Amino acid sequence: MQALARHRVRCILEAAAGDLACCDLVWWHRSIPEKKHTVSMHIDLSNRHIARWSAEIAFDGEAHYIKYGFRLTDQSGVQVWYNACGFHENESRDGSFEILQINSTDVLRIPSWSQGCIYYQIFPERFAKSGNGSGPFEAWNAAPTRENYLGGNLRGVIERLPYLQDLGIECIYLNPVFLGDFNHKYATTDYFKIDPMFGTEPDLTELVEKAHSIGIRVILDGVFNHVGIHFAPFMDLMEKGENSRYRDWFYPKQYPVRIDPCCYECVGDYPYMPRLNGANPEVRSFVQDVLLYWLEHAHIDGWRFDVADELDRHAVTGWREAVKQAFPDALFLAETWGDATRLLGPDGFDCAMNYLFRDAVIDFFAKGSIDASGFTDRINSMLIRYPDEISLSMYNLLGSHDTARFLTEANGEIWRLRLAMAFQLLFPGAPAIYYGDELGMTGENDPGCRGGMAWDTPNRELHQWQKALIRLRKRHECLRTGTYHVLIAEGTLFAMKREKGRDAILAVFNTGNTLQTLDLTEAGEPVHIPPYSVKIIEKP
């Protein structure tokens with residue numbers, strides 16, 4: 001049971017695929033047991049194993065003391081009653097499921113702007129450079145390494161805002177900009193200072209203000225699971241050992257604290273990034289101050305939380321409560337590489353980076369290692385995990401600073417990226433573009449995927465394709481918040497439909513090497529799909 005409002009709920013029942021012919025939700029108020037209400041449920045998602053039956057109920061007042069069970073009918077017509085005590089031949093009030101009270105904090109509240117939002121991820125050191133700067137910078141087109149610097153900065157991002165506006169971007173996600181070690185800045189030294197290589201706090205404020213003026217939001221990368229070894233409290237721990245007032249901010253295993261050999265917990269077992277102790281009230285308070293400071297002073301629109309699945313869950317709940325009280329529309333986006341279910345909800349994150357999405361898209365569109373049926377099964381299995389409201393806000397990426405670029409995964413075959421871009425922009429959720437993918441950039445995983453933005457060597461046709469897809473998405477509300485249905489998934493053919501009211505989009509993908517013709521009722525006429533292409537039909 002999902003609370004959509006204090007007076008409205010969505011009921012979900014998962015059954016074996018093909019097992020049930022009919023599913024009815026029966027409910028009553030416990031003080032009026034004789035007055036029963038029956039609601040027909042429908043299958044909204046399924047894979048080869050599970051069918052998800054769904055129904056929404058709106059009550060006259062707040063939902064409280066509601067009892068309910070399920071009347072199930074199998075394919076042979078046999079009917080059973082299902083409640084909290086299991087299966088029964090006859091309906092019974094005993095052992096019913098029950099809604100006691102729905103409190104306001106039980107209701108899932110996700111910033112509405114994030115539903116279907118079009119993101120653009122920027123690695124600040126590699127996106128755009130303004131001025132000569134100062135530092136050991138290499139040529140902009142130099143091969144990226146984990147040690148070299150190319151000189152990208154915030155001023156460069158500001159100057160390229162017209163490019164992002166023309167592309168159709170709605171929110172920028174900036175990798176870390178705070179003072180830190182290494183070119184990636186994930187080893188933070190000072191959370192209240194912009195790294196001088198990137199600029200100043202006024203530069204960040206100007207970037208956000210100018211982005212807002214053209215309808216683009218900005219979220220920052222919050223690295224709160226770990227810090228850099230030059231973070232002042234950690235340096236104090238190294239200097240004073242057991243006598244350091246900050247010893248409980250970290251997880252030392254022995255004293256004195258030394259980097260080599262490492263004797264403290266660190267992220268990824270990487271000694272230059274010691275873990276923060278999120279269970280410590282002082283650490284929680286410190287991080288909360290950081291979150292609120294940049295929301296108040298730079299007017300950012302939210303946070304992406306690095307290594308979110310390793311953060312203390314109680315700390316996250318506290319940070320969310322404090323931030324949402326002051327900035328209800330601020331986004332909490334979690335990084336995780338698998339099922340994000342346990343991280344999301346009214347007391348957790350709003351949404352997550354959807355690597356399950358990326359993995360399925362890579363296997364079908366980039367590598368062809370699964371067919372359309374296997375692809376559908378994986379995508380629908382992913383959708384079944386999350387409430388629809390969360391699915392609409394999931395950060396659906398094709399690549400990031402932590403993965404090989406899509407075009408590299410696809411062995412340089414542009415048509416594969418074109419089809420993946422189309423699916424990404426047509427699919428429910430928030431499509432996320434990693435800087436330069438729209439220009440045809442390639443690169444193996446870190447550091448290869450972090451090259452300087454290909455301003456001088458763009459694939460202009462691919463860039464125009466990306467722009468056209470974004471324009472299409474913005475013309476149709478069904479692509480932002482509409483329903484999603486798979487029409488066909490066989491071999492190299494995949495067809496889907498998005499719909500909201502009379503607004504609808506059909507798309508048929510052909511990843512094979514022969515012309516295909518489909519008779520789709522929804523299209524009203526035969527659809528011819530050339531090899532390695534997608535046919536998109538706007539209706540009505």
Side-chain angles (χ1 to χ4, degrees), residues 1-10 62-64 99-115 117 171 173 176 178 188 191-192 208 217-227 233 248-249 275-336 340-353 386-395 430:
M1 190 70 75
Q2 299 165 359
L4 304 177
R6 291 201 65 206
H7 68 286
R8 188 162 58 92
V9 300
R10 177 183 296 122
E62 75 279 4
H64 67 290
I99 302 171
L100 293 174
Q101 289 282 351
I102 293 181
N103 298 303
S104 58
T105 51
D106 299 325
V107 178
L108 188 64
R109 289 191 173 90
I110 300 172
S112 59
W113 64 263
S114 69
Q115 293 190 330
C117 179
C171 184
Y173 151 43
F178 306 130
T188 312
Y191 290 89
F192 293 98
V208 175
R217 298 176 188 267
V218 179
I219 64 172
L220 297 184
D221 213 330
V223 188
F224 305 122
N225 173 70
H226 54 275
V227 297
D248 291 332
W249 280 44
R275 285 194 66 218
L276 277 172
N277 177 10
N280 184 314
E282 288 188 356
V283 170
R284 292 185 182 183
S285 179
F286 172 80
V287 171
Q288 180 173 306
D289 288 345
V290 175
L291 294 170
L292 291 172
Y293 180 88
W294 293 104
L295 284 161
E296 292 171 353
H297 291 263
H299 309 298
I300 62 170
D301 298 282
W303 291 91
R304 178 263 193 187
F305 288 76
D306 189 55
V307 202
D309 40 14
E310 294 183 25
L311 290 169
D312 183 281
R313 178 56 187 255
H314 298 288
V316 172
T317 300
W319 298 334
R320 178 187 177 92
E321 182 178 353
V323 167
K324 295 288 188 175
Q325 184 174 359
F327 301 93
D329 273 346
L331 187 71
F332 266 40
L333 168 64
E335 181 207 16
T336 187
T341 304
R342 70 178 184 86
L343 301 176
L344 308 174
D347 62 346
F349 295 97
D350 294 313
C351 53
M353 297 185 77
Y386 309 119
D388 294 345
E389 292 73 17
I390 287 179
S391 289
L392 291 175
S393 294
M394 289 292 280
Y395 183 99

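Here the structure is a predicted model, which is why all the values come from computation and not from measurement. Numbers here are sequence positions counted from 1.
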Please say whether more than 12 non-hydrogen atoms of neighbouring residues, nucleotides or ligands are located less than 6.0 Å from CD in Glu62. yes
For Asp309, check side chain to side chain donor-acceptor pair (under 3.5 Å) against everything at least two apart and list the hits. Thr336
Student check: side-chain heavy atoms of Asp221 and Glu335 closer than 4.5 Å: no
Determine whether the aromatic ring centres of Tyr191 and Phe286 lie less than 6.0 Å apart. yes
May I ask you to decide if the ring planes of Tyr293 and His297 are parallel, tilted or perpendicular, using 30° and 60° as cut-offs? parallel
Go through the steps to decide whether Phe224 and Trp303 satisfy the test ring-ring contact (aromatic ring centres under 6.0 Å, His included), and finish with yes or no. CA-CA 11 Å; Phe224 305 122; Trp303 291 91; 5.7 Å; yes
Is the shortest heavy-atom distance from the side chain of Trp249 to the side chain of Val227 under 4.5 Å? no
Pair up each side-chain donor or acceptor in residues 323-330 with any protein partner under 3.5 Å, not counting sequence neighbours, and list the distances.
residue	atom	partner	partner atom	Å
Lys324	NZ	Ala330	O	2.6
Lys324	NZ	Asp350	OD1	3.4
Lys324	NZ	Asp350	OD2	2.8

What is the distance from atom CZ of Arg313 to atom CZ of Phe349, rounded to the nearest 0.5 Å? 7.5 Å
Looking only at heavy atoms, the pair that brings Met394 and Leu344 closest together is SD-CD1, 4.3 Å
Closest non-hydrogen atoms of Pro346 and Arg320, given as atom of the first, atom of the second and distance, are O-NE, 3.1 Å
Enter the distance from Gln2:CD to Asp106:CG here, rounded to the nearest 0.5 Å. 12.5 Å
If you measure from CZ on Phe305 to CG on Leu220, what distance do you get to the nearest 0.5 Å? 11.0 Å
For Gly278 and Val283, which heavy atoms make the closest approach, and how far apart are they? CA-CG1, 4.3 Å
Under the ring-ring contact (aromatic ring centres under 6.0 Å, His included) rule, collect the residues that match up with Tyr386, sequence neighbours excluded. none
First locate atom CH2 of Trp294, then atom CD1 of Ile300, and finally report the distance between them rounded to the nearest 0.5 Å. 8.5 Å
Nearest heavy-atom contact between Ala430 and Ser114 is CB-O, 3.9 Å
For a quick test of reading the model, state the closest non-hydrogen atom pair linking Val223 to Pro176 and the distance between them. CG2-CG, 3.8 Å
Among residues two or more places apart or on two chains, list those pairs meeting salt bridge (charged side-chain N to carboxylate O under 4.0 Å, His left out) that have a residue in residues 276-288. Arg245-Glu282, Arg284-Asp312
With Arg275, which residues qualify under side-chain contact (heavy atoms from CB on, under 4.5 Å), at least two apart? Asn225, Tyr251, Glu265, Glu310
Do the side chains of Glu389 and Leu4 get nearer than 4.5 Å, heavy atoms only? yes
Roughly how far, to the nearest 0.5 Å, is the CG atom of Leu392 from the SG atom of Cys117? 12.5 Å
Roughly how far, to the nearest 0.5 Å, is the NE2 atom of His64 from the CD1 atom of Ile99? 11.0 Å
Closest heavy-atom pair, Leu343 versus Ala308, reported as atoms and distance to 0.1 Å, is CD2-O, 4.1 Å
Counting distance only, does the side-chain N/O of Asp301 pair as donor-acceptor with the main-chain N or O of Val218 below 3.5 Å? yes
side-chain contact (heavy atoms from CB on, under 4.5 Å) partners for Arg109, two or more places apart: Ser104, Val107
Contact check, side chains of Leu291 and Val287, non-hydrogen atoms, under 4.5 Å: yes
Going by heavy atoms in the side chains, are Leu331 and Cys351 under 4.5 Å from each other? yes
Is any side-chain heavy atom of Asp347 closer than 4.5 Å to a side-chain heavy atom of Thr105? no
